[in-house]
2 protein chains.
Amino acid sequence: MAPAHWRHYPPLDLPPILRGALEVFTARGYHGSSVRELATHAGVTVPGLYYHYPSKQAILVALLDACVGELLSRAGAAHDEAAPTPRARFTNIVESIVLTVTHRSALTVLDSELRYLEPESRRHYAAARKQLENLLLGVVRAGHQSRTFDVSSPEDTTRALLGMFQAIVTWYDPAGPLTPPEIATRYRTIALHTVGATEAQR
Amino acid sequence: MAPAHWRHYPPLDLPPILRGALEVFTARGYHGSSVRELATHAGVTVPGLYYHYPSKQAILVALLDACVGELLSRAGAAHDEAAPTPRARFTNIVESIVLTVTHRSALTVLDSELRYLEPESRRHYAAARKQLENLLLGVVRAGHQSRTFDVSSPEDTTRALLGMFQAIVTWYDPAGPLTPPEIATRYRTIALHTVGATEAQR
DNA sequence: CTTTGTTGACTTAACGGTCGCTAAAGTAAC
DNA sequence: GTTACTTTAGCGACCGTTAAGTCAACAAAG
């Protein structure tokens with residue numbers, strides 16, 4: 001379950017039903033996909049699908065579970081591994097978020113389907129996202145207080161940064177010319193500018 | 001049609017059917033809304049709805065038309081009104097985008113439903129968004145060349161900025177404490193940092 | 001060894017309900 | 001009488017879901 005290292009992204013190991021569902025949900029959206037499409041894409045019949053999952057929504061939840069946990073644990077590992085300076089921690093977290101968003105882009109797209117979940121599940125994912133926000137916010141605040149960073153409001157800046165990263169999936173194409181590490185490098189530079197720490201500083 | 005000024009946002013003047021459809025689409029998503037819901041929300045019957053619009057998709061298109069055009073024309077006006085410096089143009093465009101995203105948040109949320117459109121309509125909106133990107137990119141490039149801005153890549157930075165603005169709708173609440181002008185002010189500061197132009201400079 | 005019972009994985013067939021959409025008739029204003 | 005718009009009624013297709021049966025694998029009982 002736990003990856004060997006937060007920078008290493010093995011191919012997603014999902015059961016065939018979830019693998020197929022991921023493709024269909026990504027292409028057509030949650031409400032736009034029928035359980036029949038999910039079933040045929042996974043190579044099973046419809047009741048075969050219901051044997052493994054109690055409902056269509058449960059499939060989406062299982063998929064999101066695989067996503068949110070990974071993002072959070074990788075960002076945490078990236079933070080812990082960094083030298084104990086705001087700058088090092090910040091760049092590691094940014095790199096890890098951008099790597100996850102790109103390497104797991106199909107899963108990340110599902111974030112926009114989050115609001116169709118029943119309230120209980122939705123609260124669960126809202127909490128997870130808040131945890132990520134707090135991780136990044138802590139680092140930005142530390143940099144703010146030590147004057148390593150130049151930000152007017154750590155809270156606003158953190159929220160803006162996370163939005164910036166999340167938006168990558170709206171244009172990222174795994175078949176395109178840019179690789180995840182390349183994008184991570186570019187966004188590291190941009191994010192450093194956003195928190196007022198120029199590349200030149202060390 | 002054209003607003004008196006790009007900073008002024010009168011209440012949306014939409015025909016009742018579109019007004020109701022906007023609420024329903026925003027709450028449930030395109031595929032999650034039925035034409036029966038759209039009709040009852042607008043106070044008409046289903047065939048009454050089909051008298052005005054040929055299909056469910058046409059309603060979404062009409063709604064998006066009202067959105068994209070406004071965003072583009074306001075950003076253009078904000079650019080033209082600014083003093084002819086990259087910094088003034090940049091802050092005006094940023095302010096105008098953030099004001100539109102917040103004042104017209106219900107319409108902006110529909111952007112995530114864009115991929116469910118048939119290819120022809122989707123290309124139309126992709127082109128409009130590209131126009132906005134080019135408007136902002138031109139200004140960022142000008143600031144880059146005149147050394148007013150400090151960016152490593154105007155293209156990447158512009159794309160990151162637009163993603164940052166678009167993401168506002170994921171947390172913005174019209175009933176919340178923050179008003180659109182307040183958010184615009186905060187994002188102006190953040191965006192200036194992102195392009196490497198500190199607030200202190202004039 | 002066979003027989004029998006149990007489980008797990010999956011099938012065929014279909015349930016009631018909702019989907020997007022429309023034909024045809026009606027109404028009110030000009 | 002024409003135009004603008006609404007109504008009642010319902011089309012066929014598809015929706016998420018389920019009941020009931022099939023079939024291989026395996027274990028305990030004879």
Side-chain angles (χ1 to χ4, degrees), chain A residues 13-66 106 109-110 112-122 124-125, chain B residues 13-66 106 109-110 112-122 124-125:
Chain A
D13 187 26
L14 288 174
I17 289 182
L18 288 189
R19 175 179 303 278
L22 178 55
E23 288 179 29
V24 179
F25 280 154
T26 303
R28 303 209 187 326
Y30 177 71
H31 283 305
S33 315
S34 73
V35 293
R36 275 157 251 260
E37 283 175 314
L38 299 182
T40 58
H41 227 80
V44 297
T45 59
V46 172
L49 192 147
Y50 275 91
Y51 178 80
H52 294 281
Y53 300 93
S55 70
K56 181 185 173 186
Q57 176 141 180
I59 297 178
L60 177 58
V61 169
L63 234 23
L64 287 170
D65 265 333
V109 185
L110 295 185
S112 61
E113 310 287 339
L114 233 151
R115 52 188 174 134
Y116 304 135
L117 258 52
E118 49 183 16
E120 196 196 340
S121 305
R122 207 177 53 235
H124 176 233
Y125 297 111
Chain B
D13 185 27
L14 289 173
I17 289 182
L18 288 188
R19 175 179 304 277
L22 178 55
E23 287 178 29
V24 180
F25 280 154
T26 303
R28 303 210 190 321
Y30 176 71
H31 283 304
S33 314
S34 71
V35 292
R36 273 159 253 257
E37 283 175 314
L38 298 181
T40 59
H41 226 81
V44 297
T45 58
V46 173
L49 193 147
Y50 276 92
Y51 179 81
H52 294 282
Y53 300 93
S55 70
K56 181 185 174 186
Q57 177 142 177
I59 297 177
L60 177 58
V61 169
L63 233 23
L64 286 171
D65 265 332
V109 187
L110 295 185
S112 61
E113 311 286 340
L114 231 152
R115 53 189 173 131
Y116 305 135
L117 258 52
E118 49 183 14
E120 195 196 340
S121 305
R122 209 177 53 234
H124 176 232
Y125 297 112

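Note on naming: letters A, B, ... go to the chains in the order of the sequence lines (proteins, then strands), and numbering restarts at 1 for each one. Any value given below was found using the heavy atoms of this structure, including those in side chains, with hydrogens, waters and symmetry copies removed.
Taking a 6.0 Å sphere around CD of B:Glu118, one finds it holds more than 12 heavy atoms contributed by other residues, nucleotides or ligands. Counting heavy-atom neighbours within 6.0 Å of A:Arg28 CZ, excluding the residue itself, gives a total of 12 or less.
Geometrically, A:Lys56 does not engage A:Phe25 in a cation-pi contact, judged by NZ or CZ lying under 6.0 Å from the ring centre and within 45° of the ring axis.
With rounding to whole Å, B:Lys56 atom NZ is found 17 Å from C:dT22 atom C1'. For A:Glu37 and D:dG16, the CD to C1' distance is 13 Å, given to the nearest whole Å. Between A:His31 atom NE2 and D:dG16 atom P there is a gap of 10 Å when expressed in whole angstrom units. With rounding to whole Å, A:Ile59 atom CD1 is found 11 Å from D:dG16 atom C1'. Rounded to a whole Å, the CD atom of A:Gln57 is 18 Å from the P atom of D:dC15. Distance, B:Tyr53 OH to C:dC21 C1': 17 Å, rounded to whole Å.
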Practice task
Step by step, work out the side chain to side chain contact (heavy atoms under 4.5 Å, CB included) result for B:Tyr50 and B:Val35.
Solution key: CA-CA 9 Å; B:Tyr50 276 92; B:Val35 292; 3.6 Å; yes
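Considering only heavy atoms from C-beta on, B:Val61 comes within 4.5 Å of B:Tyr125 through its side chain.
Put simply, the side chain of B:Tyr30 gets close to the backbone of B:Gln57: a donor and an acceptor are under 3.5 Å apart. With hydrogens and angles ignored, the 3.5 Å screen pairs no side-chain donor or acceptor of B:Glu113 with any backbone N or O of B:Leu110.
In this structure, CD on B:Glu23 lies 8.0 Å from CZ on B:Arg19, to the nearest 0.5 angstrom.
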Between protein and nucleotides 7-14 of chain C, what N or O pairs are separated by less than 3.5 Å?
residue	atom	partner	partner atom	Å
C:dA9	OP2	A:Tyr51	OH	2.6
C:dC10	OP2	A:His52	NE2	3.0
C:dT11	OP2	A:Thr45	N	3.3
C:dT11	OP2	A:Thr45	OG1	2.3

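The overall bend of the helix from C:dC1-D:dG30 to C:dC30-D:dG1, read as the angle between its terminal helix axes built from five base pairs each, is 20° when rounded to 10 degrees.
Judged as a side chain to side chain contact (heavy atoms under 4.5 Å, CB included), and not counting sequence neighbours, B:Thr40 has no contacts.
Using a 4.0 Å cut-off, no side-chain N or O of A:Tyr50 falls inside it from OP1 or OP2 of D:dT18. OP1 or OP2 of C:dC19 lies within a sub-4.0 Å distance of a side-chain N or O belonging to B:Ser34.
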